[in-house]
Amino acid sequence: MAEEKKKFYITTAIAYTSRKPHIGNSYEIVLTDSIARYKRLQGYDVFMLTGTDEHGQKIEEYAKAAGVTPKEYVDKVAGEIREICDLLNTSYDKFIRTTDDYHEKVVQKIFRKLYEQGDIYKGTYEGMYCTPCESFWTESQLVDGKCPDCGREVKPAKEEAYFLRLSKYQKQLEEFIESNENFIYPEARKKEMLNNFIKPGLQDLCVSRTSFKWGVPVDFDDKHVVYVWLDALSNYITALGYDPDGSSDMYKKYWPADVHIIGKDIVRFHTIYWPIMLMALGEPLPKQVFGHPWLLFGEDKMSKSKGNVIYADDLVNLLGVDAVRYYLLSEMPYASDGSITYETIIERYNSDLANTFGNLVNRTIAMQNKYFDGVVCEPCEGDEVDEELKKFAYDTVAKVDKCFETYRVADAIEAVLNLAKRSNKYIDETMPWALAKDESKKARLGTVLYNLLEAIRYIAVLLSPFMPETSEKIFAQMNCDEKSYDSLSEFGKTKAGTKVGEAKALFVRIDAEKTLADIAAKQAAAPKEKSITEIEGLAQITFDEFSKVELRVAEITSCEPIKRAKKLLKITVNDGSAEPRQIVSGIAPWYKPEELTGKKVVIVANLKPAKLCGEMSNGMLLAGDVSEDDVKVLFVDGMPAGTKIR
């Protein structure tokens, strides 16, 4: 009876269907795919899950702005996301959508089960709400008054809601994390979760909303929809057939997940909310959560509003699928953010792919054809330089295996690159072109080329998780069918007598200067995609335009009403200049003169002067429209007059 394969269940975070994903978003699916492919290569029974997260207030707002229903909107974006997964040659086994009927039905069952057993209860939520993150925050959690996750503005919100009792499971979670040292990876993420979030005390989590409708309905309380995180996180088990009333054989086979591959910004949700949900359901916890860093454009996070977005399909059209996969996987450090620019990706393409890998394969196959009519020779006894190459090949297999144990994928791919470099050095050391001139050294020449072909076979096998198409092209040129991981246990599996194919360039060098000029021209001519601020009706300005506005701190030295205007106050300020400045402001309905005198405010100092009710106004006070009938001046009492605001 054949031995049953060891299972390996790996997932990505499901992509949010707000907009078409950029190349930074695509890194995760390629990273996860490379791990899944490597595990399959080793003989594991792998199940890889990816998909889309499709509910929430933000989706509802995007759809409204686009003039379509939320379902029509997410259908389009989910289609784009799946197309990119397929374009990047990812080998996912299932693509789940949180609008799938089976998922929504099980989410409702999960919600009901947790409610009936007392782990979810009804209450009222009052706090600061970040719409883009769909997260509530307390005042103490805000950073500079803004969302601690994304840095955007938050708004006060109060509504009836259901809550998950995180506090009930705090001690159990803390003990689990501390006793399972590899549960959160890398180590820095583990320390952050324990010290910054868990040990200070967990507050119960809002898991329903009433202020929008685009979500999974709570089936016993139709005013509520299930809050996005309980809905989205459940996908990892609903995709396998989990059901509180009786789960499928597939779920029993693959759960718990071996690893969730996620971005570092959502580690908290996957290592606090998700484990507690599973604890409450009585289900096993995933074995590991790996929080990877971000891929930045240069030194900035990619953003459509910044105009620095690169899309996967554009890069594939320029470089090919495997070149894009190679860059994404090789350029990302283990624990710090990676970087991508057109300049660096073309540079790496030319140096690593065209020069190192491509040149090695091309000239080896070409020499085999030139000197032996393509027929692979039986190797003879070698010398020290041959043994060094063999040892390097064996060591590379061990290094790659070690790297994958902790998902150091960039280090693994570097190890394979180093084997290619060592093989190129072997060519320089043995000088096949010189051996070919001496008939008595033909056997030695045949051995040298055999060793090179065998080293290339090792490279092709080890490259297959990263660049599957390139790997197959190498095997085709070698006419080799020894592609298994097990075949790497012996240096010498290439069959003598095999006739290699025609030497073809794997990667053609790119003219960097011309290509970059073409890219710049296309970007200049391309229509600009609207940002969320434009969709929401906010006029955008450039940084240069903003920098023209001079904001200063000013102290109000006197203030009095203007008799002919009930809404206007005449204010004199000291803004650090030699002369006092007079400003007329329409804040009389909300402030009495004595409430303002002595206060420090922020003014626009270079506003063009204007005459209001016969009084000159040389500037403007900054104030906020808190509501339709409430205005609050921005006070900055801790700053000296004349301070410039940047």
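Here the structure is a predicted model, which is why all the values come from computation and not from measurement.
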task = Let me see the working for I519 and T515 under side chain to side chain contact (heavy atoms under 4.5 Å, CB included), right down to the final yes or no.
result = CA-CA 6 Å; I519 291 168; T515 303; 4.0 Å; yes
Do [X] and [Y] touch side chain to side chain, with heavy atoms closer than 4.5 Å?
X	Y	answer
S248	D243	no
I340	L315	yes
N451	F491	yes
E388	R422	yes
K20	D313	yes
I96	H103	yes
I81	V77	yes
P286	L278	yes

Which atom of [X] lies closest to which atom of [Y], heavy atoms considered:
X	Y	answer
A78	T52	CB-OG1, 3.9 Å
Y9	L240	CE2-CD1, 3.3 Å
A496	E378	CB-OE1, 3.3 Å
P432	M367	CB-SD, 3.7 Å
L462	P465	O-CD, 3.2 Å
D314	Y342	CB-OH, 4.5 Å

ask   = Passes salt bridge (Lys or Arg N to Asp or Glu O under 4.0 Å), D383 versus R444? Steps please.
value = CA-CA 10 Å; D383 57 21; R444 175 61 182 155; 3.2 Å; yes
ask   = With a 4.0 Å cut-off, would you call E80 and K76 a salt bridge?
value =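 Result for this pair is yes, salt bridge flagged.
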inquiry  = Looking at D33 and R325, is any side-chain nitrogen of the basic one under 4.0 Å from a carboxylate oxygen of the acidic one?
reply    = yes
task = Any chance you could lay out the side-chain hydrogen bond (donor to acceptor under 3.5 Å, both in side chains) test for S484 and D486, step after step, and finish with the verdict?
result = CA-CA 5 Å; S484 71; D486 289 343; 5.4 Å; no
Has [X] got its NZ or CZ under 6.0 Å from the middle of the six-membered ring of [Y], at an angle within 45 degrees of the ring axis?
X	Y	answer
K7	Y254	no
K190	F183	no
K6	Y44	no

request  = Identify which one of K39, K5, R40, K253 satisfies the salt bridge (Lys or Arg N to Asp or Glu O under 4.0 Å) criterion when paired with D45.
outcome  =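 Checked K39, K5, R40, K253 against D45; only one passes salt bridge (Lys or Arg N to Asp or Glu O under 4.0 Å): K253.
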key: side-chain contact (heavy atoms from CB on, under 4.5 Å) partner of T50, the single match among N235, I29, I261   =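 That would be I29; it is the only one of N235, I29, I261 passing the side-chain contact (heavy atoms from CB on, under 4.5 Å) with T50.
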message = If we check side-chain contact (heavy atoms from CB on, under 4.5 Å) with V289, which of these qualifies: M193, H260, R189?
response = H260
Give a yes or no on this: more than 12 heavy atoms of other residues, nucleotides or ligands lie within 6.0 Å of atom [atom1] of [X].
X	atom1	answer
E439	CD	no
E181	CD	no
K402	NZ	no

How are the rings of [X] and [Y] set to each other: parallel, tilted or perpendicular (split at 30° and 60°)?
X	Y	result
Y27	H292	perpendicular
F290	Y185	tilted
W255	W274	perpendicular
F466	F404	parallel

Distance-only check: which donor-acceptor pairs under 3.5 Å involve side-chain atoms of residues 471-478, not counting sequence neighbours?
from	atom 1	to	atom 2	distance (Å)
S471	OG	A460	O	2.5
E472	OE1	K483	NZ	3.1
Q477	OE1	K504	N	3.2
Q477	NE2	K504	O	2.8

task = Could you go through the side-chain hydrogen bond (donor to acceptor under 3.5 Å, both in side chains) check for R348 and S330 one step at a time?
result = CA-CA 10 Å; R348 290 294 294 276; S330 63; 3.2 Å; yes
task = Please step through ring pair (Phe, Tyr, Trp, His ring centres under 6.0 Å) for the pair Y273 and W229, ending with a clear verdict.
result = CA-CA 8 Å; Y273 303 167; W229 284 110; 7.1 Å; no
Answer yes or no: is there a donor N or O on one side and an acceptor on the other, between the side chain of [X] and the main chain of [Y], under 3.5 Å?
X	Y	result
S26	H22	yes
T344	T341	yes
Y394	L389	no
N180	F176	yes
N424	T356	yes

ask   = With sequence neighbours left out, which residue pairs that include part of residues 359-390 fulfil the ring-ring contact (aromatic ring centres under 6.0 Å, His included) condition?
value =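 Passing the test, one end in residues 359-390: no pairs.
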ask   = Under 3.5 Å, is there a donor-acceptor pair between the D386 and Y426 side chains?
value = yes
task = Begin with the C-alpha distance, continue with both residues' side-chain angles, and end with the deciding distance and a verdict on salt bridge (Lys or Arg N to Asp or Glu O under 4.0 Å) for D395 and K391.
result = CA-CA 6 Å; D395 289 348; K391 184 178 184 304; 2.8 Å; yes
key: Trace of the salt bridge (Lys or Arg N to Asp or Glu O under 4.0 Å) decision for K514 with D518   = CA-CA 6 Å; K514 180 181 182 302; D518 289 345; 3.1 Å; yes
Step-by-step side-chain hydrogen bond (donor to acceptor under 3.5 Å, both in side chains) determination, E54 to T99 = CA-CA 6 Å; E54 303 185 14; T99 52; 2.8 Å; yes
inquiry  = Determine whether E482 and K495 satisfy the following criterion, salt bridge (Lys or Arg N to Asp or Glu O under 4.0 Å), listing intermediate values before the conclusion.
reply    = CA-CA 9 Å; E482 289 286 353; K495 295 181 177 66; 3.4 Å; yes
